[in-house]
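The structure appears below as structure tokens.
Nothing here was measured: the structure is a model prediction, and the numbers come from that model.
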Amino acid sequence: MLSTTALIERVVSVGTVTGRYALPNGGTLTSYFDEYRVAADPDLLSQTGQALAALLPPDVDVIAGLELGGVPFALAVSAATGLPAALVRK
């Protein structure tokens with residue numbers, strides 16, 4: 001398991017996309033964070049789930065994740081804790 005600092009650095013490194021990106025409103029970005037790149041790395045997703053699980057209060061009964069972006073992270077926390085997962089849809 002990576003230290004917290006090393007995990008943060010890895011998440012930022014893997015998830016940051018650099019390059020010109022046009023926004024729908026006409027603005028531009030030179031970088032953005034893509035959580036799916038983190039979710040696509042099984043080892044990094046597992047370590048992220050373990051780190052998030054360590055932050056949970058003791059009385060949590062279920063892990064919920066919002067559709068799409070939150071699903072892989074909710075499942076990773078569920079796997080790390082053994083708690084059931086609920087997937088929330090809009």
Side-chain angles (χ1 to χ4, degrees):
M1 180 75 174
L2 295 174
S3 71
T4 301
T5 301
L7 179 59
I8 291 168
E9 289 172 355
R10 186 153 177 238
V11 165
V12 169
S13 173
V14 169
T16 301
V17 179
T18 57
R20 185 178 160 90
Y21 179 77
L23 297 169
N25 68 0
T28 60
L29 299 174
T30 57
S31 67
Y32 65 94
F33 186 80
D34 183 352
E35 73 274 9
Y36 293 111
R37 292 174 64 146
V38 175
D41 181 322
D43 184 53
L44 182 55
L45 180 61
S46 174
Q47 291 180 22
T48 302
Q50 292 172 24
L52 291 170
L55 301 173
L56 294 175
D59 59 345
V60 172
D61 297 322
V62 64
I63 305 300
L66 186 60
E67 65 182 333
L68 298 181
V71 169
F73 297 97
L75 295 176
V77 174
S78 174
T81 61
L83 293 169
L87 308 179
V88 181
R89 299 178 76 182
K90 292 180 189 175

Under a single-linkage definition using a 4.5 Å side-chain heavy-atom cutoff for Ile, Leu, Val, Met, Phe, Trp and Tyr, are Phe73 and Val11 assigned to the same hydrophobic cluster?
yes

Salt bridge (Lys or Arg N to Asp or Glu O under 4.0 Å): pairs with one or both residues in residues 26-36, sequence neighbours excluded:
none

Have a look at Leu29 and tell me which of Val17, Leu23, Thr18 forms a side chain to side chain contact (heavy atoms under 4.5 Å, CB included) with it.
Leu23

Mind jotting down which residue pairs meet the salt bridge (Lys or Arg N to Asp or Glu O under 4.0 Å) criterion with at least one end in residues 4-13? Sequence neighbours excluded, please.
Arg10-Asp41, Arg10-Asp43

Of all residues at least two apart in sequence or in a different chain, which pass the side-chain contact (heavy atoms from CB on, under 4.5 Å) check with Ala40?
none

Mind checking whether Leu83 and Val77 sit in one hydrophobic cluster, side chains of I, L, V, M, F, W, Y counted as touching below 4.5 Å?
yes

Contacts of Thr4 that satisfy side-chain contact (heavy atoms from CB on, under 4.5 Å) - sequence neighbours left out
Ile8

Can a donor-acceptor pair be found, under 3.5 Å and without considering hydrogens, that links the side chain of Arg37 to the backbone of Val14?
yes

What's the shortest heavy-atom distance between Ala85 and Leu75, and which atoms?
CB-CD2, 3.9 Å

In a table with atom names and distances, give each donor-acceptor pair under 3.5 Å that connects a side chain of residues 48-59 to protein atoms at least two apart or in another chain.
{"residue": "Thr48", "atom": "OG1", "partner": "Leu44", "partner atom": "O", "Å": "2.8"}
{"residue": "Gln50", "atom": "NE2", "partner": "Ser46", "partner atom": "OG", "Å": "3.3"}

Tightest non-hydrogen contact, residues Val62 and Val60, listed as O-CG1, 3.5 Å

Tell me the ring pair (Phe, Tyr, Trp, His ring centres under 6.0 Å) pairs involving residues 29-69, sequence neighbours left out?
Tyr21-Tyr32

Give the cluster check for Leu87 versus Leu68: same hydrophobic cluster or not, with ILVMFWY residues linked at side-chain heavy-atom distances below 4.5 Å.
no

